[in-house]
Amino acid sequence: MDVKKIMLDLERKHPGENEYLQAVHEVLESIEEVYNQHPEFEKAKIVERIVEPDRIITFRVTWVDDRGEIQTNLGYRIQFNSAIGPYKGGIRFHKAVNPSMLKFLGFEQTFKNALTTLPMGGAKGGSDFDPVGKSDAEIMRFCQAFMLELWQNIGPDTDVPAGDVGVGGREIGFMYGMYKKLAREYNTGVLTGKGLTWGGSLIRPEATGFGALYFVEHMLHRAGKELKGATIAISGFGNVAWGAAKKATELGAKVIAISGPDGVIHNPNGMTDEKIAYMLQLRASNQNIVAPFAEKFPDATFVPGKKAWSVKCDIALPCAFQNELTGADAEELLANGTWCVAEVSNMGCTPEAIAAFQKARILFAPGKAVNAGGVATSGLEMTQNAMHISWSAAEVDEKLHYIMQSIHEACVKAGNEGDYINYVKGANIAGFLKVAQAMLEQGIV
Ligand code: 2IT
């Protein structure tokens, strides 16, 4: 494989798709050596095939806002790879959504899903609909209009969407309601992240954050360190940040920062149950600001315009958006003595930030390994739906534990560089080999 040549070809075919090109480059760089030891991959042109989505579905979504004005957004579903199972991945509602963003996410999802040990292919969808400032009724009408277009492309054995940024339990509920009306079937397995009274899995809301902390526990344990007493800075305050804050606090760490697009909350005394519960209220308000946290809890302070990475911490957990932690942020964290960074958001760190952490030899793990507990628990939700049963919280949590441990082991095995575990390389190689092998065995399709 000639990484340079493949990247030049892709840049020519997909000019300006920066997030997608960044995600592909990171994976190709990591797998190059292993790939070249497998002439059968080269012969079957696995790399040339794996970097392009199977198909992209694009549609117009028109809906009426509360003032009676007609609004038009763009909707997408990117069915990236179905070598190891039906397409699976979240739906993102954010004003910056475009094909490049969803292609990067679908590409990452393919390898992440392979790491989970479960049979799921990779996909991603979404819209440039901006939930900020929208009423619940507007969100419902948008979700219904979105599903009116999408429903014929999805199904429990075809493609199973879930939530992502801007899409949580409320939105999944509205989308499922419309799906059910159109399909005239009670096909719960068509979406995951559902409500607990209609096919949702216990622990799914918590799973991305919980799984991330289980992964971090394994990383720390291997390095002879522990979570108890460690200070943690978390970016974001949504569903993923909430689960991470909850489990980190339960395990004895102190969450000293959360953040939003408006600035950072310094929280020197750590989290309480009340504070953690309030994060959910902030998210549900559709305002996308974190400042009210400091009005509600006087021992916390709000610093406008600053990121979570300006706070001195032992462990940094990006939980918000891609490329939210830059090279400059990485230098600031390192100067402040941070010794572990685990991406909980997808591609949360820029390539410069990752290079800085790896050069400093601190613990660093990529999103596709750390945050895989979310989609893994979606897989467990699909299993429960297919069996028409529901497992207890303890059963799901135990399976999630086992999956995160397996992912950690796979990363250590494939990313062991002797004196350093390169978790980026480990996750990319382990995920790639599984998908590539399946593609090889299924012929040229
Ligand atoms: O990025 C992700 O893995 C998710 N947004 C969850 C996807 C899923 O299908 O549960």
Side-chain angles (χ1 to χ4, degrees), residues 19 23 76-82 84-94 97 101-127 150 154-156 158-169 171-172 175-176 188-194 199-212 215 236 238-244 283 318-322 324 342-348 366-385 396 399-400 403-404 407 427 431:
E19 296 98 338
Y76 307 92
R77 184 69 180 168
I78 307 215
Q79 297 180 332
F80 215 103
N81 189 294
S82 63
I84 66 166
Y87 301 109
K88 179 84 196 87
I91 289 181
R92 177 173 290 193
F93 291 166
H94 188 280
V97 160
M101 196 191 294
L102 298 181
K103 277 170 69 181
F104 120 64
L105 288 162
F107 180 75
E108 291 278 297
Q109 197 80 44
T110 300
F111 302 104
K112 180 197 313 195
N113 292 4
L115 288 171
T116 64
T117 74
L118 304 174
M120 299 181 289
K124 207 82 191 192
S127 173
L150 184 64
I154 60 176
T158 313
D159 182 354
V160 183
D164 192 78
V165 174
V167 177
E171 293 75 13
I172 292 292
M175 284 193 260
Y176 184 71
T188 39
V190 71
L191 291 170
T192 61
K194 297 181 292 294
S201 174
L202 286 160
I203 309 291
R204 177 63 190 90
E206 292 88 349
T208 310
F210 278 23
F215 190 94
N239 171 260
V240 171
W242 165 76
R283 147 81 173 113
C319 291
F321 216 58
Q322 71 266 9
E324 55 172 311
E343 284 180 340
V344 195
S345 45
N346 292 306
M347 207 165 78
K368 64 171 77 68
V370 177
N371 73 29
V375 72
T377 308
S378 279
L380 300 176
E381 183 170 328
M382 289 163 70
T383 307
Q384 292 169 80
N385 294 156
V396 178
K399 290 181 168 62
L400 175 60
I403 289 169
M404 296 317 295
I407 298 174

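Order of listing sets the numbers, starting from 1, for every ligand and every atom in it. When reading the values below, keep in mind they use all heavy atoms of this one structure, side chains included, and skip hydrogens, waters and symmetry mates.
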field: Heavy-atom side-chain contact between I407 and V370 under 4.5 Å
entry: no
query: Of all the non-hydrogen atoms in the protein, which one sits nearest to atom 9 (O) of ligand 1, and at what distance?
result: K88 NZ, 2.6 Å
message: For R204, which part has a heavy atom under 4.0 Å from ligand 1: side chain, backbone, both, or neither?
response: side chain
- prompt: Below 6.0 angstrom between ring centroids: does that apply to Y87 and F80?
  reply: no
- prompt: P205 versus W242: any side-chain heavy-atom pair under 4.5 Å?
  reply: yes
statement: Contact region, N346 to ligand 1, non-hydrogen atoms below 4.0 Å, reads side chain
message: If the contact criterion is a heavy-atom separation under 4.0 Å, does E108 count as touching ligand 1?
response: no
- request: Identify, for atom 7 (C) of ligand 1, the protein heavy atom at the shortest distance, and state residue, atom and that distance.
  value: G90 N, 3.5 Å
- line: If we number the atoms of ligand 1 from 1 as shown, the ones under 4.0 Å from a heavy atom of K124 are 1 (O), 2 (C), 4 (C), 5 (N)
message: Consider side chain to side chain donor-acceptor pair (under 3.5 Å). Of Q322, Q109, E108, K112, which one does N346 pass it with?
response: K112
Nearest neighbour in protein (non-hydrogen) for atom 5 (N) of ligand 1: D164 OD1, 2.8 Å
message: Check for me whether M120 has a heavy atom closer than 4.0 Å to any atom of ligand 1.
response: no
- prompt: Is a side-chain N or O of R204 found less than 3.5 angstrom from the main chain of E381, in a donor-acceptor match?
  reply: no
message: Please determine whether any non-hydrogen atom of A372 lies less than 4.0 Å from an atom of ligand 1.
response: no
task: Could you tell me which atoms of ligand 1, counted from 1 in the order shown, lie closer than 4.0 angstrom to a heavy atom of K112?
output: 1 (O), 2 (C), 3 (O)
message: How close do V160 and K88 get, counting heavy atoms only, and between which atoms?
response: O-NZ, 2.7 Å
Ligand-residue contact atoms, ligand 1 with A162, heavy atoms, under 4.0 Å: 8 (C), 9 (O), 10 (O)
Sub-4.0 Å atoms of ligand 1 with respect to non-hydrogen atoms of S378: 8 (C), 9 (O), 10 (O)
statement: Per-atom filter on ligand 1: closer than 4.0 angstrom to a heavy atom of G163 are 4 (C), 5 (N), 6 (C)
query: Under 4.5 Å between any side-chain heavy atoms of I91 and R77, yes or no?
result: yes
message: Side chains of K194 and N385: any donor to acceptor distance under 3.5 Å?
response: yes
- request: With the side chain counted from C-beta on, respond yes when F93 and V165 share a heavy-atom pair under 4.5 Å apart, and no when they do not.
  value: no
